[in-house]
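Encoded as C-alpha coordinates, the structure appears first; notes follow it.
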Number of protein chains: 2
Amino acid sequence: MENKVDLRSKIRTVPDFPKKGIMFKDITTLLQDANAFRSSVKQMMSHFDGRRIDKVVSAESRGFILGSAIAYELGAGFVPLRKPGKLPWKKLREEFDTEYSKDAFEIHEDAIKKGETVLIVDDLLATGGTLEAATKLVERLGGNVVGISILIELSFLKGREKLKGYDVFSVVNYDAEE
Amino acid sequence: MENKVDLRSKIRTVPDFPKKGIMFKDITTLLQDANAFRSSVKQMMSHFDGRRIDKVVSAESRGFILGSAIAYELGAGFVPLRKPGKLPWKKLREEFDTEYSKDAFEIHEDAIKKGETVLIVDDLLATGGTLEAATKLVERLGGNVVGISILIELSFLKGREKLKGYDVFSVVNYDAEE
(Lines give C-alpha, C1' and ligand atoms only; values in the text may rest on other atoms or scores of the structure.)
Protein backbone atom coordinates (compact mmCIF):
# COMPACT_ATOMS: atom_id res chain seq x y z
CA MET A 1 0.00 0.00 0.00
CA GLU A 2 1.49 3.36 -1.02
CA ASN A 3 0.92 6.39 1.15
CA LYS A 4 -0.62 9.17 -0.89
CA VAL A 5 1.79 12.04 -0.28
CA ASP A 6 0.60 15.65 -0.66
CA LEU A 7 2.74 16.35 -3.71
CA ARG A 8 1.75 19.99 -4.04
CA SER A 9 3.46 20.74 -0.73
CA LYS A 10 6.70 19.18 -2.07
CA ILE A 11 6.92 21.50 -5.08
CA ARG A 12 8.96 24.68 -4.60
CA THR A 13 7.78 27.85 -6.33
CA VAL A 14 10.68 30.12 -7.37
CA PRO A 15 9.50 33.61 -8.37
CA ASP A 16 10.85 35.34 -11.49
CA PHE A 17 12.58 32.30 -13.03
CA PRO A 18 13.59 31.99 -15.82
CA LYS A 19 12.24 35.53 -16.29
CA LYS A 20 10.32 38.21 -14.40
CA GLY A 21 6.69 37.35 -13.64
CA ILE A 22 7.07 33.58 -13.99
CA MET A 23 6.41 31.57 -10.81
CA PHE A 24 8.64 28.61 -11.65
CA LYS A 25 7.55 25.21 -10.33
CA ASP A 26 10.72 23.52 -9.06
CA ILE A 27 10.26 19.74 -8.73
CA THR A 28 13.78 19.01 -7.45
CA THR A 29 12.41 19.27 -3.88
CA LEU A 30 9.86 16.59 -4.73
CA LEU A 31 12.26 14.29 -6.59
CA GLN A 32 14.85 14.29 -3.81
CA ASP A 33 12.19 13.13 -1.32
CA ALA A 34 12.02 9.36 -1.82
CA ASN A 35 8.37 9.03 -0.74
CA ALA A 36 7.19 11.98 -2.81
CA PHE A 37 9.08 10.74 -5.88
CA ARG A 38 7.63 7.24 -5.53
CA SER A 39 4.14 8.57 -4.92
CA SER A 40 4.38 10.84 -7.99
CA VAL A 41 5.18 7.87 -10.21
CA LYS A 42 2.33 5.80 -8.71
CA GLN A 43 -0.20 8.61 -8.99
CA MET A 44 0.82 9.43 -12.57
CA MET A 45 0.29 5.75 -13.52
CA SER A 46 -2.95 5.22 -11.61
CA HIS A 47 -5.19 6.84 -14.22
CA PHE A 48 -3.96 4.37 -16.87
CA ASP A 49 -4.27 1.21 -14.74
CA GLY A 50 -5.06 -1.87 -16.78
CA ARG A 51 -4.20 -0.29 -20.15
CA ARG A 52 -1.53 -2.03 -22.23
CA ILE A 53 1.47 0.29 -22.63
CA ASP A 54 4.38 -0.85 -24.81
CA LYS A 55 6.43 2.35 -24.66
CA VAL A 56 6.74 5.46 -22.54
CA VAL A 57 7.84 8.56 -24.46
CA SER A 58 9.30 11.63 -22.72
CA ALA A 59 11.09 14.77 -23.82
CA GLU A 60 14.42 15.93 -22.43
CA SER A 61 15.47 16.74 -19.80
CA ARG A 62 13.10 16.80 -16.80
CA GLY A 63 10.59 14.63 -18.63
CA PHE A 64 13.14 11.80 -18.64
CA ILE A 65 13.09 11.60 -14.85
CA LEU A 66 9.42 10.75 -14.44
CA GLY A 67 9.06 8.95 -17.77
CA SER A 68 11.88 6.55 -17.05
CA ALA A 69 10.61 5.52 -13.62
CA ILE A 70 7.09 5.05 -15.01
CA ALA A 71 8.41 2.92 -17.91
CA TYR A 72 10.40 0.84 -15.44
CA GLU A 73 7.43 0.28 -13.14
CA LEU A 74 5.11 -0.55 -16.07
CA GLY A 75 7.61 -2.93 -17.64
CA ALA A 76 7.56 -0.83 -20.81
CA GLY A 77 10.34 0.40 -23.05
CA PHE A 78 11.50 4.01 -22.74
CA VAL A 79 11.82 6.36 -25.72
CA PRO A 80 13.54 9.74 -25.35
CA LEU A 81 12.60 12.77 -27.45
CA ARG A 82 15.67 14.93 -27.85
CA LYS A 83 16.64 18.40 -28.99
CA PRO A 84 18.02 18.59 -32.55
CA GLY A 85 21.50 17.13 -33.04
CA LYS A 86 21.50 14.85 -30.01
CA LEU A 87 20.17 11.60 -31.51
CA PRO A 88 22.79 9.82 -33.62
CA TRP A 89 20.67 7.71 -35.99
CA LYS A 90 17.81 8.15 -38.51
CA LYS A 91 15.12 10.39 -37.06
CA LEU A 92 11.99 12.51 -37.48
CA ARG A 93 11.66 16.12 -36.26
CA GLU A 94 8.74 18.27 -35.04
CA GLU A 95 9.02 21.99 -34.33
CA PHE A 96 6.86 23.68 -31.70
CA ASP A 97 6.36 26.81 -29.58
CA THR A 98 7.03 26.70 -25.83
CA GLU A 99 6.00 29.11 -23.11
CA TYR A 100 9.31 30.95 -23.69
CA SER A 101 10.57 30.26 -27.23
CA LYS A 102 10.57 28.17 -30.44
CA ASP A 103 12.11 24.72 -30.30
CA ALA A 104 12.09 21.22 -31.84
CA PHE A 105 12.27 17.58 -30.79
CA GLU A 106 13.50 14.52 -32.63
CA ILE A 107 12.73 10.80 -32.33
CA HIS A 108 14.59 7.81 -33.78
CA GLU A 109 12.70 6.20 -36.66
CA ASP A 110 12.91 2.75 -35.03
CA ALA A 111 11.79 3.94 -31.59
CA ILE A 112 8.17 2.87 -32.00
CA LYS A 113 6.70 0.14 -34.18
CA LYS A 114 3.38 0.54 -36.00
CA GLY A 115 0.52 -0.31 -33.63
CA GLU A 116 2.49 -0.07 -30.39
CA THR A 117 0.69 1.60 -27.51
CA VAL A 118 2.36 4.67 -26.03
CA LEU A 119 2.02 6.69 -22.84
CA ILE A 120 3.51 10.18 -23.12
CA VAL A 121 4.91 11.48 -19.82
CA ASP A 122 6.11 14.94 -18.83
CA ASP A 123 6.67 16.90 -15.64
CA LEU A 124 4.75 19.97 -16.84
CA LEU A 125 1.81 20.88 -19.05
CA ALA A 126 2.13 24.60 -19.79
CA THR A 127 1.10 25.84 -23.26
CA GLY A 128 1.03 22.28 -24.59
CA GLY A 129 3.52 22.80 -27.43
CA THR A 130 5.97 20.14 -26.29
CA LEU A 131 3.28 17.55 -25.73
CA GLU A 132 1.54 18.28 -29.02
CA ALA A 133 4.89 17.70 -30.79
CA ALA A 134 5.29 14.44 -28.85
CA THR A 135 1.89 13.15 -30.02
CA LYS A 136 2.77 14.01 -33.63
CA LEU A 137 6.11 12.20 -33.50
CA VAL A 138 4.53 9.09 -31.97
CA GLU A 139 1.75 9.05 -34.55
CA ARG A 140 4.08 9.67 -37.51
CA LEU A 141 5.76 6.38 -36.49
CA GLY A 142 2.39 4.60 -36.32
CA GLY A 143 2.14 4.47 -32.52
CA ASN A 144 -1.21 4.70 -30.69
CA VAL A 145 -1.23 7.33 -27.94
CA VAL A 146 -2.99 5.74 -24.94
CA GLY A 147 -2.75 8.99 -23.03
CA ILE A 148 -0.62 11.75 -21.60
CA SER A 149 0.40 11.77 -17.94
CA ILE A 150 1.65 14.98 -16.35
CA LEU A 151 2.85 15.77 -12.86
CA ILE A 152 1.99 19.50 -12.91
CA GLU A 153 -0.62 21.26 -15.01
CA LEU A 154 -0.72 25.05 -15.32
CA SER A 155 -4.36 25.10 -16.41
CA PHE A 156 -4.43 28.91 -16.80
CA LEU A 157 -2.16 28.48 -19.84
CA LYS A 158 -4.87 26.31 -21.49
CA GLY A 159 -2.42 23.69 -22.83
CA ARG A 160 -5.22 21.11 -22.99
CA GLU A 161 -6.71 22.97 -25.95
CA LYS A 162 -3.77 21.76 -28.06
CA LEU A 163 -4.34 18.17 -26.86
CA LYS A 164 -8.03 17.65 -27.69
CA GLY A 165 -9.00 14.01 -28.22
CA TYR A 166 -6.26 12.69 -25.92
CA ASP A 167 -6.71 11.30 -22.42
CA VAL A 168 -4.69 13.90 -20.48
CA PHE A 169 -4.17 13.26 -16.77
CA SER A 170 -2.37 15.57 -14.33
CA VAL A 171 -1.68 15.09 -10.62
CA VAL A 172 -1.21 18.67 -9.38
CA ASN A 173 -2.97 21.66 -10.95
CA TYR A 174 -2.33 25.40 -10.62
CA ASP A 175 -5.19 27.48 -12.01
CA ALA A 176 -3.38 30.82 -11.70
CA GLU A 177 0.22 32.11 -11.68
CA GLU A 178 0.82 31.66 -7.94
CA MET B 1 13.89 -13.89 -11.12
CA GLU B 2 15.11 -11.45 -13.78
CA ASN B 3 16.46 -12.78 -17.04
CA LYS B 4 19.98 -11.54 -17.59
CA VAL B 5 19.76 -9.96 -21.03
CA ASP B 6 22.90 -9.59 -23.17
CA LEU B 7 22.96 -5.81 -22.96
CA ARG B 8 25.96 -5.34 -25.25
CA SER B 9 23.93 -6.72 -28.15
CA LYS B 10 21.23 -4.11 -27.48
CA ILE B 11 23.60 -1.13 -27.82
CA ARG B 12 23.87 0.39 -31.31
CA THR B 13 27.24 1.71 -32.43
CA VAL B 14 26.94 4.73 -34.75
CA PRO B 15 30.24 5.57 -36.50
CA ASP B 16 31.51 9.16 -36.75
CA PHE B 17 29.04 10.71 -34.26
CA PRO B 18 29.21 13.40 -32.98
CA LYS B 19 32.43 13.73 -34.97
CA LYS B 20 34.69 11.71 -37.28
CA GLY B 21 36.44 8.78 -35.64
CA ILE B 22 34.05 8.45 -32.67
CA MET B 23 32.13 5.16 -32.50
CA PHE B 24 29.10 6.50 -30.62
CA LYS B 25 27.35 4.09 -28.26
CA ASP B 26 23.63 4.64 -28.79
CA ILE B 27 21.58 3.29 -25.87
CA THR B 28 18.17 4.25 -27.28
CA THR B 29 17.93 0.74 -28.78
CA LEU B 30 18.46 -0.71 -25.31
CA LEU B 31 16.09 1.67 -23.51
CA GLN B 32 13.20 1.06 -25.92
CA ASP B 33 13.47 -2.71 -25.27
CA ALA B 34 11.50 -3.24 -22.04
CA ASN B 35 13.47 -6.32 -20.95
CA ALA B 36 16.86 -4.79 -21.72
CA PHE B 37 15.96 -1.56 -19.92
CA ARG B 38 14.75 -3.44 -16.87
CA SER B 39 17.78 -5.72 -16.85
CA SER B 40 20.13 -2.72 -17.14
CA VAL B 41 18.63 -1.17 -14.02
CA LYS B 42 18.84 -4.46 -12.11
CA GLN B 43 22.42 -5.16 -13.17
CA MET B 44 23.55 -1.60 -12.35
CA MET B 45 22.08 -1.97 -8.84
CA SER B 46 23.33 -5.50 -8.18
CA HIS B 47 26.87 -4.48 -7.25
CA PHE B 48 25.53 -2.24 -4.46
CA ASP B 49 23.04 -4.75 -2.99
CA GLY B 50 22.52 -4.30 0.73
CA ARG B 51 24.15 -0.86 0.90
CA ARG B 52 22.00 1.97 2.29
CA ILE B 53 21.43 4.57 -0.43
CA ASP B 54 19.53 7.76 0.44
CA LYS B 55 19.93 9.55 -2.87
CA VAL B 56 20.77 8.78 -6.47
CA VAL B 57 22.58 11.59 -8.30
CA SER B 58 22.72 11.79 -12.11
CA ALA B 59 23.74 14.38 -14.67
CA GLU B 60 21.54 15.55 -17.53
CA SER B 61 20.30 14.32 -19.90
CA ARG B 62 20.87 10.61 -20.57
CA GLY B 63 22.05 10.05 -16.99
CA PHE B 64 18.56 10.96 -15.78
CA ILE B 65 17.04 7.96 -17.54
CA LEU B 66 18.98 5.27 -15.71
CA GLY B 67 19.41 7.24 -12.47
CA SER B 68 15.71 7.85 -12.05
CA ALA B 69 14.69 4.21 -12.54
CA ILE B 70 17.42 3.08 -10.12
CA ALA B 71 16.33 5.65 -7.51
CA TYR B 72 12.74 4.48 -7.91
CA GLU B 73 13.64 0.80 -7.53
CA LEU B 74 15.90 1.51 -4.52
CA GLY B 75 13.28 3.70 -2.82
CA ALA B 76 15.80 6.57 -2.82
CA GLY B 77 15.41 10.24 -3.66
CA PHE B 78 16.62 11.47 -7.05
CA VAL B 79 18.93 14.48 -7.47
CA PRO B 80 19.58 15.95 -10.94
CA LEU B 81 22.85 17.67 -11.85
CA ARG B 82 22.13 20.27 -14.48
CA LYS B 83 23.95 22.49 -16.95
CA PRO B 84 24.43 26.10 -15.80
CA GLY B 85 21.29 28.24 -15.76
CA LYS B 86 18.78 25.39 -15.52
CA LEU B 87 18.34 25.06 -11.74
CA PRO B 88 16.21 27.87 -10.29
CA TRP B 89 17.35 27.97 -6.65
CA LYS B 90 20.60 28.33 -4.62
CA LYS B 91 23.30 26.09 -6.07
CA LEU B 92 26.92 25.00 -6.32
CA ARG B 93 28.87 24.64 -9.59
CA GLU B 94 31.74 22.41 -10.77
CA GLU B 95 33.51 22.83 -14.11
CA PHE B 96 35.05 19.88 -15.95
CA ASP B 97 36.45 18.64 -19.27
CA THR B 98 34.47 16.12 -21.33
CA GLU B 99 35.59 13.92 -24.20
CA TYR B 100 34.58 16.73 -26.57
CA SER B 101 34.62 20.06 -24.71
CA LYS B 102 34.59 22.08 -21.45
CA ASP B 103 31.40 22.15 -19.44
CA ALA B 104 29.92 22.58 -15.96
CA PHE B 105 27.23 21.09 -13.74
CA GLU B 106 25.23 22.59 -10.90
CA ILE B 107 23.43 21.09 -7.90
CA HIS B 108 20.89 22.67 -5.55
CA GLU B 109 22.36 23.41 -2.12
CA ASP B 110 19.53 21.54 -0.35
CA ALA B 111 19.72 18.47 -2.61
CA ILE B 112 21.81 16.39 -0.20
CA LYS B 113 22.02 16.60 3.58
CA LYS B 114 25.29 16.11 5.45
CA GLY B 115 25.91 12.39 6.00
CA GLU B 116 23.45 11.12 3.40
CA THR B 117 24.62 8.17 1.31
CA VAL B 118 24.72 8.69 -2.42
CA LEU B 119 24.94 6.47 -5.48
CA ILE B 120 26.10 8.32 -8.59
CA VAL B 121 24.64 6.90 -11.82
CA ASP B 122 25.47 7.59 -15.44
CA ASP B 123 25.03 5.90 -18.78
CA LEU B 124 28.68 6.33 -19.83
CA LEU B 125 32.14 6.47 -18.29
CA ALA B 126 34.41 8.04 -20.93
CA THR B 127 37.19 10.39 -19.73
CA GLY B 128 35.60 10.59 -16.26
CA GLY B 129 35.25 14.39 -16.16
CA THR B 130 31.49 14.41 -15.61
CA LEU B 131 31.63 11.79 -12.89
CA GLU B 132 34.55 13.47 -11.10
CA ALA B 133 32.52 16.70 -11.03
CA ALA B 134 29.55 14.75 -9.65
CA THR B 135 31.63 13.33 -6.77
CA LYS B 136 32.89 16.84 -5.93
CA LEU B 137 29.40 18.34 -5.87
CA VAL B 138 28.08 15.55 -3.64
CA GLU B 139 30.99 15.86 -1.24
CA ARG B 140 30.84 19.67 -1.09
CA LEU B 141 27.31 19.18 0.29
CA GLY B 142 28.55 16.64 2.86
CA GLY B 143 27.22 13.54 1.12
CA ASN B 144 29.02 10.16 1.27
CA VAL B 145 29.56 8.59 -2.15
CA VAL B 146 28.74 4.89 -1.78
CA GLY B 147 29.78 4.25 -5.35
CA ILE B 148 29.38 5.02 -9.02
CA SER B 149 27.27 2.81 -11.29
CA ILE B 150 27.71 3.03 -15.05
CA LEU B 151 26.00 1.21 -17.89
CA ILE B 152 28.86 1.55 -20.43
CA GLU B 153 32.56 2.01 -19.73
CA LEU B 154 34.99 2.98 -22.47
CA SER B 155 38.01 1.68 -20.58
CA PHE B 156 40.49 2.75 -23.29
CA LEU B 157 39.78 6.38 -22.27
CA LYS B 158 41.01 5.58 -18.74
CA GLY B 159 38.22 7.47 -16.95
CA ARG B 160 38.74 5.38 -13.82
CA GLU B 161 42.02 7.17 -13.19
CA LYS B 162 40.00 10.30 -12.29
CA LEU B 163 37.81 8.27 -9.89
CA LYS B 164 40.44 6.58 -7.68
CA GLY B 165 39.16 5.65 -4.24
CA TYR B 166 35.56 5.21 -5.42
CA ASP B 167 33.72 1.93 -5.96
CA VAL B 168 33.11 2.19 -9.71
CA PHE B 169 30.96 -0.50 -11.31
CA SER B 170 30.14 -0.81 -15.02
CA VAL B 171 27.96 -3.36 -16.78
CA VAL B 172 29.28 -3.27 -20.36
CA ASN B 173 32.90 -2.45 -21.22
CA TYR B 174 34.55 -1.52 -24.52
CA ASP B 175 38.35 -1.70 -24.34
CA ALA B 176 38.92 -0.15 -27.77
CA GLU B 177 37.14 2.27 -30.14
CA GLU B 178 35.03 -0.36 -31.92
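What you see below is based on every heavy atom in this structure, not just the backbone, and it leaves out hydrogens, waters and symmetry mates. We name chains A, B, ... by the order of the sequence lines, and we start the count at 1 in each one.
- In this structure, the portions of A/P88 lying under 4.5 Å from any heavy atom of chain B include both its backbone and its side chain.
- Two rings, from B/F64 and A/F64, have their centers 6.0 Å or more apart.
- Open room surrounds CZ on A/R51; 12 or fewer heavy atoms of other groups in view lie less than 6.0 Å from it.
- Heavy-atom distances place both the backbone and the side chain of A/D110 under 4.5 Å from chain B.
- Looking at A/L87, the atoms closer than 4.5 Å to chain B (heavy atoms on both sides) sit in the backbone and in the side chain alike.
- If you measure heavy-atom distances from B/A111 to chain A, the contacts under 4.5 Å come from both the backbone and the side chain.
- By number of non-hydrogen pairs under 4.5 angstrom with chain B, the leading residue of A/D33, A/T28, A/V79 is A/T28.
- There is no contact between B/S58 and chain A, counting heavy-atom distances below 4.5 Å.
- Side chain to side chain, A/T117 and A/N144 fail the donor-acceptor criterion of an N or O pair below 3.5 Å.
- Between the side chains of A/K25 and A/T13, at least one donor-acceptor pair of N or O atoms lies under 3.5 Å.
- Neither the backbone nor the side chain of A/A36 has a heavy atom closer than 4.5 Å to any heavy atom of chain B.
- If you tally non-hydrogen atom pairs under 4.5 Å between each of B/I65, B/L31, B/V14 and chain A, the highest count goes to B/I65.
- Taking the ring centroids of B/F156 and B/Y174, they lie at or beyond the 6.0 Å cut-off.
- Contacts between B/E60 and chain A at a heavy-atom distance below 4.5 Å involve the side chain alone, from C-beta outward.
- Just one residue in the list A/K136, A/K83, A/K91, A/R82 forms a salt bridge (Lys or Arg N to Asp or Glu O under 4.0 Å) with A/E106, and that residue is A/K91.
- Both tests hold for A/R38 against B/Y72: distance to the six-membered ring centre under 6.0 Å, angle to the ring axis within 45°.
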